[in-house]
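Structure first, commentary second.
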Number of protein chains: 4
Amino acid sequence: MARQRTRDKVHQAVLSLAGEGRVGAITMEGIAARAGVSKQTLYRSWSSTGVILFDALLARSVDEDGVVVVPDSGDLARDLEELATGMVAELSDPTQGPLLRAVTAEMQSDDALAEEFRRLLLGPQMTAVSERLRQGGVAEPDDVAELFVGPVLHRWLLRSRPFDADWVSAHVARTVRAAGGVRDRPTATPPVGVTL
Amino acid sequence: MARQRTRDKVHQAVLSLAGEGRVGAITMEGIAARAGVSKQTLYRSWSSTGVILFDALLARSVDEDGVVVVPDSGDLARDLEELATGMVAELSDPTQGPLLRAVTAEMQSDDALAEEFRRLLLGPQMTAVSERLRQGGVAEPDDVAELFVGPVLHRWLLRSRPFDADWVSAHVARTVRAAGGVRDRPTATPPVGVTL
Amino acid sequence: MARQRTRDKVHQAVLSLAGEGRVGAITMEGIAARAGVSKQTLYRSWSSTGVILFDALLARSVDEDGVVVVPDSGDLARDLEELATGMVAELSDPTQGPLLRAVTAEMQSDDALAEEFRRLLLGPQMTAVSERLRQGGVAEPDDVAELFVGPVLHRWLLRSRPFDADWVSAHVARTVRAAGGVRDRPTATPPVGVTL
Amino acid sequence: MARQRTRDKVHQAVLSLAGEGRVGAITMEGIAARAGVSKQTLYRSWSSTGVILFDALLARSVDEDGVVVVPDSGDLARDLEELATGMVAELSDPTQGPLLRAVTAEMQSDDALAEEFRRLLLGPQMTAVSERLRQGGVAEPDDVAELFVGPVLHRWLLRSRPFDADWVSAHVARTVRAAGGVRDRPTATPPVGVTL
DNA sequence: TTATAAGCGAGACGGTACGTCAGGTCTTCCG
DNA sequence: CGGAAGACCTGACGTACCGTCTCGCTTATAA
């Protein structure tokens, strides 16, 4: 069956539409037209634009192996800074960012989508961060992961202030302080990974 | 433009519709019908459902004096806990919560709405929190305010986990630790207020 | 585009609405509702109520073969009288009359509709009358056809006076006189027909 | 009070709007705006756009004395030709023509307007023509007047063919023939007039 | 001269219809 | 026989006018 072929065309169409701005204006009809696919075909596999956007996002962000990678150099502060910088880059990406915004918006009124989002994207990422923190000897790694990620989300979703490198460093410092200091291993081990 | 009588009818309609769940399904036509008002009248004063929802929210949350009040007992940890508990209560309120969700969602694709939100709601609130932190001797009060509020937003918007009292306490403790400890005044002063 | 089934429903709806008087109050929404059809479906095939009314009129008046028939008994005066009587009957018909009134009214401000009207309804009819006059040996048949039809239109559109049988006879006599008398064939031939 | 002043402003506005084409698109709001008058003032004196258009038309066509003038040189054919030429000129006038079209259209679904039209415009004009024909010894002057005017209306309203001088002459000849020939006075008398 | 009421502009208001867009479903027909 | 094409019903969009209804602001007489 031409399923994968169709998925690719649809993802391609979504990314190209998203790249043109106006992510909020993406419609089933628009995607169908751009992908050269019938509306019926879309509805057969996805129930709403939100789901399609999320699917496209996922296909791109877990590129091949379905693994979330978190840096693990042995220096927690350095790793957190790298992590935060990566997040900021993704959120600022002209394609990824708007897609994530749209999905986050739709989640607010679509429970099923929210569930998928948590299960396939948010959960693994939070787990990976938490795991890295536990490696570093942090006591309540889940909560500290939240403390680390929450302010980034706040700035981004509420658009309060732009990101800059100084803020990222200071934020890492605060997070580490909140965690009760670092007791990281002195020697490096392989990076932490979580399979989706 | 719109007479106060009309505004009241519209806000009333929005709240009643929001109370019935399905906030995502609120439409201009639905509001007009419920309020007993014509569509033209809505469009004359508000440009989208998002703007109306926000207006209704604002009218309700700054009831009379347009002032954001933050507790100030002299004990920063206690005040933050009270503050967080209040936020959680609002976010969990069956009317406020869904309205805020809807507005936050629409902000993602409506820059003007986002601007208003920041100017009239988010800004004053963040400023008030920040001000209380400064009173408590916190060094970078704006950033710490963000650190305090961000994780709440994260849990709520991404619906990762429900709120509970223990988490609130622990979160306050982490925030205080991240702020570098408290050097609060020993005696109470009047609560901090910020006029919208 | 539109399926025959849809066209039939629409024509049916128009005729039923027209039969209820108030032809001037016929609207796209009204037709859609009565026909059990969506507005989109109407707009897909017809650009205005005028066009729909005209289409319904046409569908009814050229029932099957798309031919305009003019009597041809060999006696021009008798044929013209029959023709005029038929016209008067149509204009007085409780469904046809109001429809024609409405279409004529809309033609005054819709050039495209006027063009269609001329091409598909007025033209063939005038040609058929003219042809019959030519058969009767009338010198300038087009102009005399106009002389014959014009006063009927005048009475009807300007609502100056009602039609009666005596007037019809006298009008035919005047027309024949204006044509310079009759030199009709003594023997009957098949009636004149013009294909639309 | 300042009634006449208002009427003038309104008539002025109507004529200027009519001169811009799109007579069918003339609205109460448009007239009010152009005339610098409130809608209430319009509704106080006129019940619909059709009535206003007709009023403006009337104010212009019976300029001062409210009299319809028909030429009366003693030569009926010549007078009819002059008359027809005048009618054609009016119907072709870039302001009068469209106004008349619009009024004629609205008459089709507004009985009260139709009645006024007949009483104040059509009636006097037909009577004047008929009177001139009677002067010329025509037997059934009312019907012949109709025979004379009808075809002009036919060409104009149904937009079948443009007017030209040759057609006018031929039409007058046909009319005279239909009337049974002319038995006009050899000497001229004052022109026939009918007071509105 | 000052109230004082009538005439008027401005325009908010509840409506109806407009013409368009997209959401989902169902049918047709081609490869 | 699966999928592209697209007709179809539905419901909401945002706009234009409708006809009614206050509002204040002239302005021109009556107190």
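Below, chains carry the letters A, B, ... as their sequence lines are ordered, and counting in each starts from 1.
One can place CD1 of B/Ile52 at 13 Å from C1' of F/dC13, the figure rounded to the nearest angstrom. With rounding to whole Å, C/Asp110 atom CG is found 11 Å from E/dG19 atom P. Rounded to whole angstrom, the span from the CH2 atom of A/Trp46 across to the P atom of E/dG23 amounts to 15 Å. Between C/Gln4 atom CD and F/dC8 atom C1' the separation is 16 Å, expressed in whole Å. The CZ-C1' distance, from B/Arg3 to F/dC23, rounds to 8 Å in whole Å. For C/Arg44 and E/dG19, the CZ to C1' distance is 14 Å, given to the nearest whole Å. Atom CZ of A/Arg7 is separated from atom P of F/dG3 by 15 Å (rounded to the nearest Å). Here the C1' atom of nucleotide F/dG11 and the CG atom of C/Leu42 are 16 Å apart, to the nearest Å.
Closest to the side chain of D/Thr41, from the set F/dT20, E/dC8, F/dC13, is E/dC8. Nearest nucleotide to the side chain of C/Lys9, out of F/dG3, F/dC9, F/dC8: F/dC9. Closest approach to the D/Tyr43 side chain among E/dC18, F/dC18, F/dC13 is made by F/dC18 (side chain taken as heavy atoms from C-beta onward). With distances taken from any side-chain atom of C/Gln40 to the nucleotides E/dG23, E/dG15, E/dA22, the minimum falls on E/dA22.
Between the side chains of A/Ser16 and A/Arg34, a donor-acceptor pair is found at a separation under 3.5 Å. Judged by distance alone, the side chains of A/Gln4 and A/Asp8 do bring a donor and an acceptor atom under 3.5 Å apart.
The shortest heavy-atom contact between A/Gly36 and A/Lys9 is O-NZ, 3.9 Å. Of all the heavy atoms in C/Ala114 and D/Arg159, the pair that sits closest is CB-CD, 3.8 Å. Counting all heavy atoms, side chain and backbone alike, D/Thr49 lies closest to D/Ile26 at CG2-O, 3.7 Å.
Less than 4.0 Å separates DNA chain F from at least one heavy atom of each of the following residues of residues 21-39 of chain D: D/Thr27, D/Met28, D/Glu29, D/Lys39.
Checking D/Ser47 against B/Ser47, the closest nucleotide of DNA chain F that is more toward the 5' end is the one next to B/Ser47.
The main-chain N or O of C/Val37 is never found under 3.5 Å from a side-chain atom of C/Thr41 such that the two would form a donor-acceptor pair. Formation of a donor-acceptor pair under 3.5 Å by the C/Gln108 side chain with backbone atoms of D/Leu157 is found in this model.
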